[in-house]
Number of protein chains: 2
Amino acid sequence: MVKKQLIMEKALELFAEQGFDATSVQQITEKSGISKGAFYLSFKSKDELIFALIDHFMSEIVSNIDYLVSGGGYQKDELLYQFYLTILKNFEEHSNLATVFMKEQTHTLNMELIMKLHFYDKQINRAILKMIDQIYGDSIAATKFDLLYCVKGFMKMYSELFIFSKLPLDLKLLASSLVEKTNLLAKHSTVPFVTKELVNLLDLPAEGPPTQETLVKHINDLIAEVQEGFVKDALHELKEQINKQTLDILLINGLVEIVRQDAQCMWVAFLLRRYFKIS
Amino acid sequence: MVKKQLIMEKALELFAEQGFDATSVQQITEKSGISKGAFYLSFKSKDELIFALIDHFMSEIVSNIDYLVSGGGYQKDELLYQFYLTILKNFEEHSNLATVFMKEQTHTLNMELIMKLHFYDKQINRAILKMIDQIYGDSIAATKFDLLYCVKGFMKMYSELFIFSKLPLDLKLLASSLVEKTNLLAKHSTVPFVTKELVNLLDLPAEGPPTQETLVKHINDLIAEVQEGFVKDALHELKEQINKQTLDILLINGLVEIVRQDAQCMWVAFLLRRYFKIS
DNA sequence: TTGACAAATGACCGATTAGTCATTAGTATA
DNA sequence: TATACTAATGACTAATCGGTCATTTGTCAA
C-alpha cells in the first residue's frame, strides 16, 4: 500500500521538525496532498502511525546488527568497525526518525509504545552482547555488561552530532575512533558498574501475554503489508491456529520461526511466543 | 514567594510523569490546591514556568561544577572523582527534572528555551574543559574535545539508569568506574573524532543582543526573587544604568560580575554582557 | 462596623485538536 | 449506458487547551 508509505514519509519530516504532539493530522494530510479522511483509511489513529514508524526503523536496525554479528563473516576489529559503521549509516540515513526518538524518548503515550521500545532495546542489547562475546571471548566476562552500556553510550552521544548539526561527518573516521575507545575499555577496564544482575533488574517485569484479539489484529495488519509470499502463508496459518486453539506447539514454533525471519514481523513474533508460552 | 515554589514542585512531578505538553495548567493547579487564576498571578504563562524550572536547576548544576573545578582544592584523580560524584548526586536529587529533560530534549517550544539550553550546555562544556586541562595538562591537547564528548556521553548514558530504574545505586562505585574509564581514554586514545573546529561549528550562530525591554523584565523578575541584599542592589543599579543609557562600562562590568556570583542570575548576566557588548 | 485594597476564584472565551460520517468522485463490470 | 462498488472528501463534532476577567473572599486600618 503506497499511500501508507507516503504518509509515513511526510509525517516523519514533520515530526522531526516539530515533534509528535505539535504536529497535527491536518498538517500531515496537507503535506501528503490527501484529505483527512484518507489518512484514517490508512491508519486507525495518530498513535498507530508512530507505532508503524518505530516498528519500521527499529526492526531494520536490529536485523542489520543481527546480520552483521551472525552471518557477516567479519573478524574481531573488523566486526566492531563494521558494527559502528552500520549503526552510524543507519542514523545518517534515518536522521529524521532519530531526531523524533531523541525528542520523544518514551513520551508517555501508551503502554504498547513503551513495551515496544523496551523490546527493541533488549534485541539490540542481545545482539551487541553476542558481538562482544565473539570479539573478546571469556576474558571480559566480568565487565561485558558494563562495556555494553559504554558502547550504547558512544552511539547515543555521537549520534547527537548527526541530529543537532546537519554537517557532513566522516563516518569512517568516527567508526575507527569508536573502535579504539571500545578496545581500550574492553582490555583495560577493571571497575565495572553495570553487572548482569543490574541488567536483569532493569528488565521490566514482563507484561502478561497479549489477548487473542490484539494478536489477530496485528497479524491481519502484517498480512496486508508483507511482500514475501511464504511469510504471508505462515501468518495465515498462524491466525488459523490461534482461532482453532489447537495448540500444536511444534507446528506453531516452526511457523513463528518462519515469520521471525521477516524484519517487519519481529514484534508479532515476540507476541506470539508470549501468547503460546514458547521458551 | 512561596506559592511560586509550590507550583514549581507540583508541576515538576507532573511534567516528569506525563511530559510538558501532556500536562495541563488545570492539572497543575489541582495538584497545587489553587485556582487557575492564582497560577497566572505567579507565572505569566505555562512557558514561563518551564523556563523558571530550567533556570533553577541548570544554574545549580553549573555552579556546582564551577565551584568544584575553580575552588574545590581537589587534585587530579580526586577532582575527577568529585566531579562525577557531584553530577551523579545532582541527577539523583533532581531525577524528576532529569526525566523532564530526557523527554523534552529541545522540544520545539520557543527560541528562548533553545537558547537557554544551549547556553547552559556551553557553560558545562567550559567547566569540563577547564577540569580536563587541570587534570591532564597539555599532554592531551589533541584529544581533549573528544574526551569532553566522552565524559558527557558517560554522564548521559549512566544517568538513564537513575531515570528508568528507580533503584538505589552505588554512586561512589559508579564514580570510581567512570574515573577509570575517563583516565583510560585520556591516556591511551589516539584517534580523536571531535576536534576544536567541530565544536566551534556546533556553536550555533549567536543571536543578536536582547532588547532593553526583555532585559528589564528579567531583572525585575530577579529582584523579586533574589535573597542576597547586595545582589539585589546591584540589579537595581543595573536597571537604572540601562534606563539612563549612560554606558559607564567599567561600573556596569563590575555590577555584572557581582550579580554573576548568584547562580540565579547566570542567565541575565549573560544577556547583560550581550546587551552591553562586554567581552 | 465600615470602607479600601489585595488575593483568589472559576466560569468563560477563542483556538485547536483527533476523529467521524454523509456525501461525492472514480472505476470496473455487466 | 447503467449498476455496483470502492476510494476519497471535508464539513462537522465533542473535547481540551491556554489564558482572561468580572466577581467574591479575606484582611487590614480607621
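What's counted below: heavy atoms across the whole structure, side chains too, no hydrogens, waters or symmetry copies. Chain letters run A, B, ... following the sequence lines, proteins first and then strands; every chain starts at 1.
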Taking the basic N atoms (NZ, or NE/NH1/NH2) and the acidic carboxylate oxygens, is any pair closer than 4.0 Å for B/Glu257 and B/Arg260?
yes
For A/Gln5 and A/Glu9, which I'm curious about, is there any donor-acceptor pair between the side chains at under 3.5 Å?
no
By nearest heavy atom, map B/Phe39 and A/Ser45 onto DNA chain C; which one lands nearer the 5' end?
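It is B/Phe39, whose closest nucleotide lies nearer the 5' terminus.
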On DNA chain C, compare the nucleotides closest to A/Gly37 and A/Val25; which residue's is nearer the 5' end?
A/Val25
Indicate the atoms forming the closest heavy-atom contact of B/Ala127 with B/Ile65, along with that distance.
CB-CG2, 3.6 Å
Let me know the distance between [atom1] of [X] and [atom2] of [N], rounded to the nearest Å.
X	N	atom1	atom2	result
B/Ile7	C/dT9	CD1	C1'	14 Å
A/Tyr40	D/dC12	OH	P	18 Å
B/Gln27	D/dC17	CD	P	7 Å
A/Leu41	D/dT9	CG	C1'	10 Å
A/Gln26	C/dA15	CD	P	16 Å

Just N and O in the side chain of B/Lys3: are any of them under 4.0 Å from OP1 or OP2 of C/dA8?
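Result: yes.
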B/Lys36 side-chain N/O to C/dG10 phosphate OP1/OP2 under 4.0 Å:
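For B/Lys36, the contact criterion (side-chain N or O under 4.0 Å from OP1 or OP2 of C/dG10) is not met.
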Among C/dA18, D/dC17, D/dG19, which nucleotide sits nearest the side chain of A/Lys46?
C/dA18
Which of these nucleotides, D/dT20, D/dG10, D/dC17, is closest to any side-chain atom of A/Ser35?
D/dG10
Does any N or O in the side chain of A/Glu48 come within less than 3.5 Å of the main-chain N or O of A/Ser45, such that one atom is a donor and the other an acceptor?
no
